[in-house]
Amino acid sequence: MRRILWFRRDLRVKDNPLLSLGGEVLPIFIFDENILSSLPRDDKRVAFIFFYVEKLKKQLKEIGLDLKVFYAKPTDVFEYFLKKGFDEVVASGDYDAYAKQRDLEISHKIHFRYIQDTYIFRHNEVLKDDGSPYLVFTPFYKKARKILDSKNIDEYPLKEHALVEEEYINLTIINENEELLSSSLELQSMGFKEVALDIVEPYEKLQIFMKNISSYKEKRDFLESDIGSRLSVDFRFGTIGVREVLRFLFENSHLDIEPFIRQLIFRDFYAYLLFHFPQIENENYKYSFNGIENEEKYRTFCEGKTGFPIVDAGVRELIQTGSMHNRVRMVVASFFTKDLLLPWQWGEAFFAQRLLDYDKASNVLSWQWSAGTGVDPQPYFRVFNPYLQSKKFDKDGVYIKKYVKELKDVEVKNLHKEEYLLEHDILNYPKPMLNHKEAAKKAIEAFKP
Ligand SMILES: Cc1cc2nc3c(=O)[nH]c(=O)nc-3n(C[C@H](O)[C@H](O)[C@H](O)COP(=O)(O)OP(=O)(O)OC[C@H]3O[C@@H](n4cnc5c(N)ncnc54)[C@H](O)[C@@H]3O)c2cc1C
């Protein structure tokens with residue numbers, strides 16, 4: 001068997017099912033021109049992926065293999081391989097519409113084999129007794145948890161492979177005339193800039209996180225302590241496998257690991273819903289109301305100048321770091337869809353452009369959850385009060401003051417008070433752009449089925 005091993009969301013050697021097949025192989029990674037061409041030249045994700053692609057190449061060399069790296073449209077890459085006598089291409093699944101269509105087109109050229117890696121469960125592994133997909137998380141979680149007790153965490157053994165002869169040193173570019181060009185393997189060859197990244201290796205994150213895992217449930221929402229694992233970006237690009245994390249957790253089962261396992265299963269649930277209900281990528285699952293387009297409100301939000309401290313801090317954190325605390329994502333998405341009544345798709349796209357851990361399933365489903373329009377959403381009449389949220393989860397205003405410097409001299413208690421913010425001028429910081437109570441009332445009316 002001659003196989004192309006297509007690394008995509010699994011940028012690692014350890015416990016990678018791609019490397020458990022054996023035979024003659026050509027490992028590849030494609031910087032997808034269709035996706036990259038619209039990104040800013042200093043996109044942090046491209047730099048992050050590049051860092052791990054180089055690392056993967058090194059790791060593969062250590063086991064006698066290598067990685068051929070392309071900057072091209074994936075269909076052009078497989079066109080190139082057509083005459084080279086490969087039996088199949090193997091890759092782990094990707095559930096969003098673009099990825100599915102891309103894989104379908106490639107499967108018309110070469111036999112395409114999916115393997116399970118990105119998620120804990122296959123899309124058809126956790127079903128109701130009548131064979132239909134679950135629509136509510138808790139029963140999904142209960143069934144998934146039973147399966148997990150007996151399987152899905154074993155490590156894939158690394159097999160012996162023979163490396164297909166190819167040129168591996170350089171970056172292979174396929175241009176618009178389908179010509180193959182060779183360039184040095186660096187970000188600049190694709191037109192991107194080096195970006196300073198604060199990369200912490202996933203194993204190190206896991207070690208740090210395990211020290212706090214017992215207080216994860218109780219403290220994960222609090223912004224100052226911020227004790228989350230920060231592994232979302234690693235799950236996104238497979239720089240650590242979810243099976244490995246689960247094995248590690250089970251080895252520490254004397255600690256309170258369940259709340260964290262629940263979140264991992266949540267991630268699976270969202271991908272599962274996107275697989276079974278692909279239309280939710282763009283459309284509401286529930287209720288027809290879909291926000292009111294308003295460019296001006298949108299711009300104010302994107303600049304982090306709504307006058308709502310917790311919302312502005314979240315937006316600015318995202319712009320500066322490529323991340324946002326989970327609790328703040330929930331507050332921001334609620335504010336966006338309910339207070340501002342903007343279409344959730346706009347907010348989803350705003351996050352998509354900036355989140356380092358951007359994942360179509362988690363992002364779309366979370367935005368639809370916040371808007372109350374998703375498969376298993378919060379009730380449409382639940383509107384987060386941004387002031388109460390910040391009072392509870394950022395009591396001392398540490399998070400807010402970190403990202404909204406204009407508020408550094410404001411007394412902490414006033415950061416959480418609408419009347420104060422509406423009535424006082426704060427140098428260089430706007431007044432709240434709306435009254436929350438009135439906005440919440442309007443939202444409930446608008447979303448009411
Ligand atoms: C509006 C909105 C948009 C979001 N967009 C994304 C996204 O694009 N990519 C993404 O990975 N997560 C997204 N999330 C979920 C969550 O905010 C992040 O996974 C989390 O903040 C990552 O931090 P962590 O790794 O420290 O998480 P931890 O608290 O350590 O959780 C462990 C892992 O569980 C998973 N997880 C945790 N919470 C959720 C959740 N609510 N939904 C799905 N998976 C979860 C993640 O893979 C995470 O790494 C979004 C949440 C909201 C409310």
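Every number for a ligand or one of its atoms is a count from 1 in the order of the listing. The chain is numbered in sequence order, starting from 1.
- Looking at Arg12 and Gln59, their side chains never bring a donor and an acceptor atom within 3.5 Å of each other.
- Near Tyr270, meaning under 4.0 Å from any of its heavy atoms, are these atoms of ligand 1: 42 (N), 43 (C).
- Remark: distances from the non-hydrogen atoms of Arg236 to ligand 1 are all 4.0 Å or more.
- Phe308 and Phe335 have tilted rings, their planes meeting at an angle from 30° to 60° on a 0 to 90° scale.
- In this structure, the protein non-hydrogen atom closest to atom 30 (O) of ligand 1 is Ser229 OG, 2.6 Å.
- In this pair, Phe301 and Tyr298 present their aromatic rings parallel. The plane angle is below 30°, not in the 30 to 60° band.
- When all heavy atoms of Val404 and Pro309 are compared, the pair lying nearest together is CG2-O, 4.1 Å.
- Below 4.0 Å from some heavy atom of Phe235 lie the following atoms of ligand 1, by number and element: 47 (O), 49 (O).
- Geometrically, Arg316 does not engage Tyr403 in a cation-pi contact, judged by NZ or CZ lying under 6.0 Å from the ring centre and within 45° of the ring axis.
- Taking the six-membered ring where the residue is Trp, Phe447 and Phe289 present perpendicular rings, their angle passing 60° and hence far from 30°.
- Distance check, rounded to the nearest 0.5 Å: NZ of Lys68 to CG of Leu185 gives 11.0 Å.
- Within the listing of ligand 1, atoms 15 (C), 16 (C), 17 (O), 21 (O), 41 (N), 51 (C) sit less than 4.0 angstrom from a heavy atom of Asn326.
- Which parts of ligand 1 touch Ser366 is read off a 4.0 Å heavy-atom cut-off, strictly below it: atoms 1 (C), 2 (C), 3 (C), 4 (C), 50 (C), 51 (C), 52 (C), 53 (C).
- Selection from Arg267, His325, Lys360 by nearest heavy atom to atom 47 (O) of ligand 1 gives Arg267.
- Ring-plane geometry between Phe277 and Tyr285 is classed as perpendicular, the angle between the planes exceeding 60 degrees on a 0 to 90 degree scale with a lower cut at 30.
- Here Tyr216 has side-chain heavy atoms under 4.0 Å from ligand 1, and that is the only part of it that gets that close.
- Residue contacts with ligand 1 include Phe260, since one or more of its heavy atoms lies under 4.0 Å from the ligand.
- Evaluated by nearest non-hydrogen atom to atom 33 (C) of ligand 1, the leading choice among Asp234, Ile213, Leu264 is Leu264.
- Between Phe269 and Phe140, the ring planes lie tilted relative to each other; the angle falls in the 30° to 60° range.
- For ligand 1, the atoms closer than 4.0 angstrom to any heavy atom of Arg230 are 24 (P), 25 (O), 26 (O).
- Remark: the Thr75 side chain and the Glu105 side chain contain no N/O donor-acceptor pair separated by less than 3.5 Å.
- From the protein, the heavy atom lying nearest to atom 9 (N) of ligand 1 is Asp357 O, 2.9 Å.
- When only interatomic distances are considered, the shortest N/O to N/O separation between Tyr358 and ligand 1 does not fall below 3.5 Å.
- Nearest protein heavy-atom contact of atom 1 (C) of ligand 1 is Trp367 NE1, 3.6 Å.
- Across the listed options Ala333, Gly347, Ala371, Ser232, Ser232 owns the non-hydrogen atom lying nearest to atom 46 (C) of ligand 1.
- Comparing heavy-atom distances from atom 3 (C) of ligand 1 across Val328, Leu231, Asn363 singles out Asn363 as nearest.
- Between Phe31 and Phe29, the two ring planes are perpendicular [angle over 60°; tilted spans 30° to 60°].
- Under a 4.0 Å criterion applied to the non-hydrogen atoms of Gly228, ligand 1 contributes the atoms 26 (O), 30 (O).
- Under the 3.5 Å distance criterion, with hydrogens and angles disregarded, a donor-acceptor pair is assigned to the side chains of Glu348 and Tyr358.
- If you check which protein heavy atom lies closest to atom 8 (O) of ligand 1, you get Asp359 N, 3.0 Å.
- The option with the heavy atom closest to atom 45 (C) of ligand 1, from among Met330, Lys205, Arg329, Gln263, is Gln263.
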